[in-house]
K.L.:
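Following this message is one structure expressed as structure tokens.
Quantities reported herein were computed from a predicted structural model and do not represent experimental measurements. One-based numbering along the sequence shown.
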Amino acid sequence: MPKLKKHTPTPFAAKDSAYDSVKADHAVDFIQCLCHTKGVWAGRPFILLPWQERIIRDLFGVVKPDGYRQFNTAYIEIPKKNGKSELAAAVALLLTCADFEERAEVYGCAADRQQASIVFEVAADMVRMCPSLNRRVKILAATKRIVYLPNNSFYQVLSAEAYSKHGFNIHGVVFDELHTQPNRKLFDVMTKGSGDARAQPLFFLITTAGSDTHSICHEQHQKARDILEGRKHDSTFYPVIYGADEGEDWTDPKVWKKANPSLGETITIEKVRSACESARQNPGEENIFRQLRLNQWVKQAVRWMPMEKWDLCAFPVDAEALEGRVCYGGLDLSSSTDITAFVLVFPPLDDQDRHHVLPYFWIPEESVDLRVRRDHVPYDVWRREGHIQTTEGNVVHYGYIERFIEDLGKRFNIREIAFDRWGAVQMVQNLEGMGFTVVPFGQGFKDMSPPTKELMKLVLGKSIAHAGHPVLRWMMDNIFIRTDPAGNIKPDKEKSTEKIDGAVAAIMALDRAIRCGNDTRESVYDGRGILFI
């Protein structure tokens, strides 16, 4: 069986963290003293597979300067039959019996008691198969409790009905099949403040993909994706997702291997091939195959902007070279405590030119640190690098933004400023008083669909230049799209779990730039008509 020859610390380790090989070795050695409990593996030593060993070494070996674990939450999403229950049981026993925590309280949670009992039964069998552990552990099968007698630590099964019970002093929680949780109540009770009295609590969440995009599991899935793809940063959260990407061929054995790291070990390729063939013959089984075998959220809304295409449009934008040129603004105020975005779009001078984009963003100064901690978005880094500006106080100072736009008007020929009618009445009047032409812009399908589709066309054709602005990139990556029966589209702020204000402002500005241009060419909508994608 393959082993991890040399451990490379996780890229999610904080800058001031360290890798303690002694602690990592201790965790790995404890687990590998246990035995598998089922099927042809029963009775054989639990030798960790490479993907399992990496998780264990990262979770128990990456430590903060004070020596305690860096990661408090691990989100492990992986298809069925890859050894989830065995790994979860081993982690539960490690936290209970070998984590050097006095009177540790470790809980196994699932949607119902029967589901939660699956990991418990595996853990109990592991204890029975290990003589040295069996002498020190008492198994209370009737109450689903395992007690480690030397320090009176225990592992206890709970189900979703436990949300009404408070007062836990948690050292560890193992959530099995998080996607089956009927609501977030149990999750919140077990993870929100319940481990504050412990030095290094660990919430071990392990699951297969689900189908409810409004569930607590999908919320954690999305956070894990955001961290893996660089949209968020949280040094306490450890994300692992094995699965097929959207659009990959679900019938391709290479995709099966990518999604199933234990393929050929705990699951045979023949079993996956048989399930795939059944799904091909019965279309009703396709989503089940993709969810359980390839770990895809089959009903998940898909981000709209292909970011690899967006990144190819990171052409330089020289603000000084654009001075005096015709441009159009898009203004999205959001709320006084949130992000305000103002984006300028410069139409091309000729067929060889591109649309150039200059974005500006503001947030309240006093909320920066709170936002970084709460949202795990690097506002502080963006502020330091000049990609986002702050206004004094705990709300956005609209007067400051008005003066900033007034100064931009002295540098650039701002023909029009499009704005979302919501909450912009006073600023609109003030901008009009400064001499700007300000036009209201509806947020429905009628107004938003044409420029949203045109933005995609420009990105795919590399006909737009945005200089790779990180805040605008983050917002473009956050966009989810709503479609009406006629095929019209618009950004959906409700489905977009993060901010998209700059993207909306850019779309509004682009609409005005396309319609009005440099006054030397007709609107592309008039000449070509609306683009349908």
Side-chain angles (χ1 to χ4, degrees), residues 1-2 36-41 46 48-56 58 74-91 110-111 115-116 118-119 122 174-181 204-213 215-225 227-229 238-300 302:
M1 185 177 297
H36 287 282
T37 64
K38 295 179 180 179
V40 297
W41 294 76
F46 188 175
L48 293 165
L49 295 172
W51 70 272
Q52 295 171 325
E53 183 173 350
R54 174 168 293 281
I55 290 172
I56 297 302
D58 284 344
Y75 179 82
I76 316 298
E77 188 181 288
I78 192 167
K80 63 179 295 188
K81 301 304 180 184
N82 278 271
K84 290 196 303 296
S85 296
E86 302 274 323
L87 182 62
V91 169
Q115 178 67 44
I118 293 174
V119 173
V122 173
V174 175
F175 258 98
D176 187 32
E177 296 297 6
L178 184 61
H179 78 277
T180 62
Q181 283 294 308
F204 192 78
L205 320 176
I206 193 160
T207 187
T208 302
S211 58
D212 182 1
T213 58
S215 64
I216 180 60
C217 186
H218 188 262
E219 179 182 309
Q220 298 301 304
H221 163 87
Q222 197 59 60
K223 180 175 181 178
R225 284 283 302 272
I227 293 174
L228 287 167
E229 296 172 12
Y238 183 76
V240 175
I241 297 178
Y242 283 98
D245 293 332
E246 188 71 27
E248 285 190 309
D249 183 1
W250 60 275
T251 66
D252 186 349
K254 293 180 180 178
V255 176
W256 306 343
K257 180 62 177 176
K258 171 188 172 184
N260 293 271
S262 298
L263 191 64
E265 298 288 347
T266 64
I267 180 173
T268 65
I269 195 168
E270 287 75 19
K271 289 287 182 67
V272 180
R273 181 177 288 111
S274 176
C276 178
E277 187 59 32
S278 179
R280 293 179 69 172
Q281 296 178 12
N282 181 5
E285 295 181 11
E286 179 181 334
N287 275 357
I288 296 298
F289 178 85
R290 293 172 65 166
Q291 177 187 348
L292 300 182
R293 299 290 188 178
L294 300 184
N295 204 44
Q296 290 184 321
W297 285 77
V298 292
K299 295 182 181 179
Q300 181 183 357
V302 179

K.L.:
Out of curiosity, S85 OG to K80 NZ, how far, rounded to the nearest 0.5 Å?
P.N.:
11.0 Å

K.L.:
Please test H221 against I241 for side-chain contact (heavy atoms from CB on, under 4.5 Å), starting from the C-alpha separation and ending with a verdict.
P.N.:
CA-CA 8 Å; H221 163 87; I241 297 178; 3.8 Å; yes

K.L.:
For the pair Q296 (side chain) and D245 (backbone), establish whether a donor and an acceptor sit closer than 3.5 Å, ignoring hydrogens and angles.
P.N.:
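Yes; judged by distance alone, with no hydrogens or angles, the pair exists.
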
K.L.:
Do side-chain atoms of N260 reach the backbone of R293 as a donor and acceptor pair under 3.5 angstrom?
P.N.:
yes

K.L.:
Step by step, work out the side-chain contact (heavy atoms from CB on, under 4.5 Å) result for E248 and K254.
P.N.:
CA-CA 10 Å; E248 285 190 309; K254 293 180 180 178; over 6 Å; no

K.L.:
When rounded to the nearest 0.5 angstrom, what distance separates CD in E219 from SG in C217?
P.N.:
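Separation between the atoms: 10.0 Å.
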
K.L.:
Looking at A88 and V119, what are the two nearest heavy atoms and their distance?
P.N.:
C-CG1, 4.0 Å

K.L.:
Quick one: do the E86 and T37 side chains pair a donor with an acceptor below 3.5 Å?
P.N.:
yes

K.L.:
Does the W256 side chain pair with the main chain of W250, one donor and one acceptor, at a distance under 3.5 Å?
P.N.:
yes

K.L.:
Please check this pair: side chain of Q181 against backbone of A110, looking for a donor-acceptor N/O pair closer than 3.5 Å.
P.N.:
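Such a contact is found between Q181 side chain and A110 backbone.
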
K.L.:
Would you please test N82 and Y242 for side-chain contact (heavy atoms from CB on, under 4.5 Å) and show each step?
P.N.:
CA-CA 10 Å; N82 278 271; Y242 283 98; over 6 Å; no

K.L.:
Would you say the side-chain atoms of S215 pair up with the backbone N or O of H218, donor to acceptor, closer than 3.5 Å?
P.N.:
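Present.
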
K.L.:
Which heavy atom in T251 sits nearest to a heavy atom in C276, and how many Å separate them?
P.N.:
CA-SG, 3.8 Å

K.L.:
Working to the nearest 0.5 Å, report the span between CD of E286 and CD1 of I288.
P.N.:
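Reported value, rounded in 0.5 Å steps: 11.0 Å.
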
K.L.:
Starting at CD1 of I78, measure out to NZ of K84 and round the result to the nearest 0.5 Å.
P.N.:
7.0 Å

K.L.:
If only atom types and distance count, is the side chain of N295 paired as donor or acceptor with the main-chain N or O of A209 below 3.5 Å?
P.N.:
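Between the backbone of A209 and the side chain of N295 there is a qualifying donor-acceptor contact (under 3.5 Å).
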
K.L.:
Of all heavy-atom pairs between P253 and I269, which one has the smallest distance, and what is that distance?
P.N.:
CB-CD1, 4.4 Å

K.L.:
Walk me through whether R225 and W297 qualify under side-chain contact (heavy atoms from CB on, under 4.5 Å).
P.N.:
CA-CA 12 Å; R225 284 283 302 272; W297 285 77; over 6 Å; no

K.L.:
Quick check for you: to the nearest 0.5 Å, what is the distance between D252 atom CG and L294 atom CG?
P.N.:
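It is 10.0 Å, given to the nearest 0.5 Å.
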
K.L.:
Tell me whether the rings of F46 and H36 are parallel (<30°), tilted (30 to 60°) or perpendicular (>60°).
P.N.:
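Ring orientation of F46 relative to H36: tilted.
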
K.L.:
Mind listing the closest non-hydrogen atom pair of A259 and A244 along with its distance?
P.N.:
CB-N, 3.9 Å

K.L.:
Y75 pairs by side chain to side chain contact (heavy atoms under 4.5 Å, CB included) with which of L205, V240, I227, I206?
P.N.:
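By the side chain to side chain contact (heavy atoms under 4.5 Å, CB included) criterion, Y75 pairs with just one of L205, V240, I227, I206: L205.
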
K.L.:
Counting only heavy atoms not in K81, do more than 12 sit closer than 6.0 Å to its NZ atom?
P.N.:
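No - once you tally the heavy atoms of other residues, nucleotides and ligands closer than 6.0 Å, there are 12 at most.
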
K.L.:
Please check this pair: side chain of T207 against backbone of H179, looking for a donor-acceptor N/O pair closer than 3.5 Å.
P.N.:
yes

K.L.:
Is the number of heavy atoms from other residues, nucleotides or ligands under 6.0 Å of K257 NZ greater than 12?
P.N.:
yes

K.L.:
Roughly how far apart are L178 CG and F204 CZ, rounded to 0.5 Å?
P.N.:
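Interatomic distance, L178 CG to F204 CZ, rounded to 0.5 Å: 12.5 Å.
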
K.L.:
State, to 0.1 Å, how close L263 and V272 come at their nearest heavy-atom pair, and which atoms those are.
P.N.:
CD1-CG2, 3.8 Å

